[in-house]
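Beneath this line is the structure, given in structure tokens, with notes to follow.
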Amino acid sequence: MRRADMVARLEDRRHPWDMVVIGGGATGVGIAVDAASRGYDVLLLEQHDFGKGTSSRSTKLVHGGVRYLEQGNIALVMEALKERGLLRQNAPHLVSNLAFVVPNYDWWEAPFYGLGLKIYNVLAGKYGFGTSEILSRAETLSRLPTIKTDGLLGGVVYYDGQFDDARLLINLVETAADQGATLVNYVRVVGMTKGADGFVDGIVAADQETGREWTIPARVVINATGAFSDSVRRLAEPDVETMIAPSQGIHLVFHHSFLSTDSAIMVPHTSDGRVMFAIPWHGHTVVGTTDTPIGEPSLEPIAQETEIGFVLETSRRAGAGRKDLVVARTDVGHLGI
Ligand SMILES: Cc1cc2nc3c(=O)[nH]c(=O)nc-3n(C[C@H](O)[C@H](O)[C@H](O)COP(=O)(O)OP(=O)(O)OC[C@H]3O[C@@H](n4cnc5c(N)ncnc54)[C@H](O)[C@@H]3O)c2cc1C
């Protein structure tokens, strides 16, 4: 894939595209793969690098959503577990099986999470990643050697998927291109055009490298800009009501010694009622996430002090971290997301 060839295709086009997709994240690129493989002429435009938005900053989990199971949303969990299985089948170089341990410090946790995670595995059917098991205290410590031992009763282990979000995204860009789609990065959509009937019939796009602008007609325009969707909607209708309530989530990246194992930790209940993970990742440990309402979405979000404090506090309460190393605010330097 060469950008210059893609730009040349865009410039040579003399008739409307079947579909223009705005946004080169997981949603937009997934749509491009799907539409191009059905024979449509697709143009996808991304204002920055492919995957610059949320799609390269996830917790790297391909999961059915243990949290949704707790909420009783069985249909959603089953669908996600099936997709998880298909993803491992289609991209085994990017999706792997990861053991998650829920450490138990209360008597009711082993039967409660033991049963819940059994159901999780049963719902996966033939797409299962492995049977969950109740662990003794010693077994829990051998899987999670760094966790707090005071009051530890045992644990539950279950299996879920881990993936490389940025690489999967790039592989999907390549797949869309193989299927005939035209995908160009560093092109920002800055306007919409409308036909006599008042419907959108194309877009105006600006090359971020050269400043050159193109008016590009299309039968269908898809807004796949994630958290930025409202600003793109307003290109067509400036007075349209806001749909998105933006929020951000952060991760902190610790030294591998924080976990010292290939298993992950799942904290099933944070103080704000969500789940949190500590996950081995490229020789480090990724811990997160938060869910904090923000005013405007940004391509370079900044971790807030309260979020950093929340992740550190939840890690400490969950008992994660080397016994001889209590992770403190001073250990967190760069405020990256
Ligand atoms: C903290 C966090 C952790 C998560 N963890 C997981 C996880 O472990 N597993 C999981 O499956 N999901 C996870 N998710 C969810 C997942 O990351 C998102 O659902 C997914 O990335 C959304 O993709 P998207 O394509 O809709 O948006 P994005 O990836 O944000 O893509 C939108 C793109 O649109 C582009 N754009 C915006 N405006 C324009 C314009 N005018 N012209 C051209 N391009 C434009 C942006 O540059 C951006 O690249 C997580 C989400 C968060 C926030």
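For ligands, and for the atoms within them, numbers begin at 1 and follow the listed sequence.
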Heavy-atom nearest neighbour in the protein, as seen from [atom], with distance rounded to 0.1 Å:
| atom | result |
| --- | --- |
| atom 23 (O) of ligand 1 | Ser55 OG, 3.1 Å |
| atom 13 (C) of ligand 1 | Ser58 CB, 3.7 Å |
| atom 27 (O) of ligand 1 | Gly226 CA, 3.8 Å |
| atom 9 (N) of ligand 1 | Leu61 O, 2.6 Å |

Task: Ala224, portion touching ligand 1 at heavy-atom distance under 4.0 Å - done: backbone
Contact atoms of ligand 1, heavy-atom distance to [X] under 4.0 Å:
| X | answer |
| --- | --- |
| Thr289 | 1 (C) |
| Leu299 | 47 (O) |
| Gly249 | 1 (C) |

Among [options], exactly one meets side-chain contact (heavy atoms from CB on, under 4.5 Å) together with [X]. Which residue is that?
| X | options | value |
| --- | --- | --- |
| His63 | Tyr120, Phe100, Phe129 | Tyr120 |
| Ile265 | Ile147, Val101, Ile279 | Ile147 |
| Phe258 | Val286, Thr146, Val287 | Val287 |

Open item on the list: If we only consider heavy atoms of Val187, is any one of them less than 4.0 Å away from an atom in ligand 1?
Closed with: yes
Open item on the list: Taking only non-hydrogen atoms of Lys60, do any sit less than 4.0 angstrom from ligand 1?
Closed with: yes
Task: Proximity of Tyr113 and Tyr158 rings by center, below 6.0 Å - done: no
- [ ] Measure centre to centre between the rings of His48 and Tyr186, then say whether the value is under 6.0 Å.
- [x] yes
Task: Option with minimal heavy-atom separation from atom 38 (N) of ligand 1, where the choices are Val21, Asn185, Asp291, Thr225 - done: Thr225
Open item on the list: Minimum distance, heavy atoms only, to atom 18 (C) of ligand 1: which one of Ile31, Thr54, Asp49 is it?
Closed with: Thr54
Evaluate [X] for polar contact with ligand 1, using N/O atom pairs at a separation under 3.5 Å.
| X | result |
| --- | --- |
| His48 | no |
| Ala26 | yes |
| Glu46 | yes |

Open item on the list: I'd like to check atom 32 (C) of ligand 1 in this structure: does the protein have a heavy atom lying under 4.0 Å from it?
Closed with: yes
Task: Thr314 side chain to Thr270 backbone, donor-acceptor under 3.5 Å - done: no
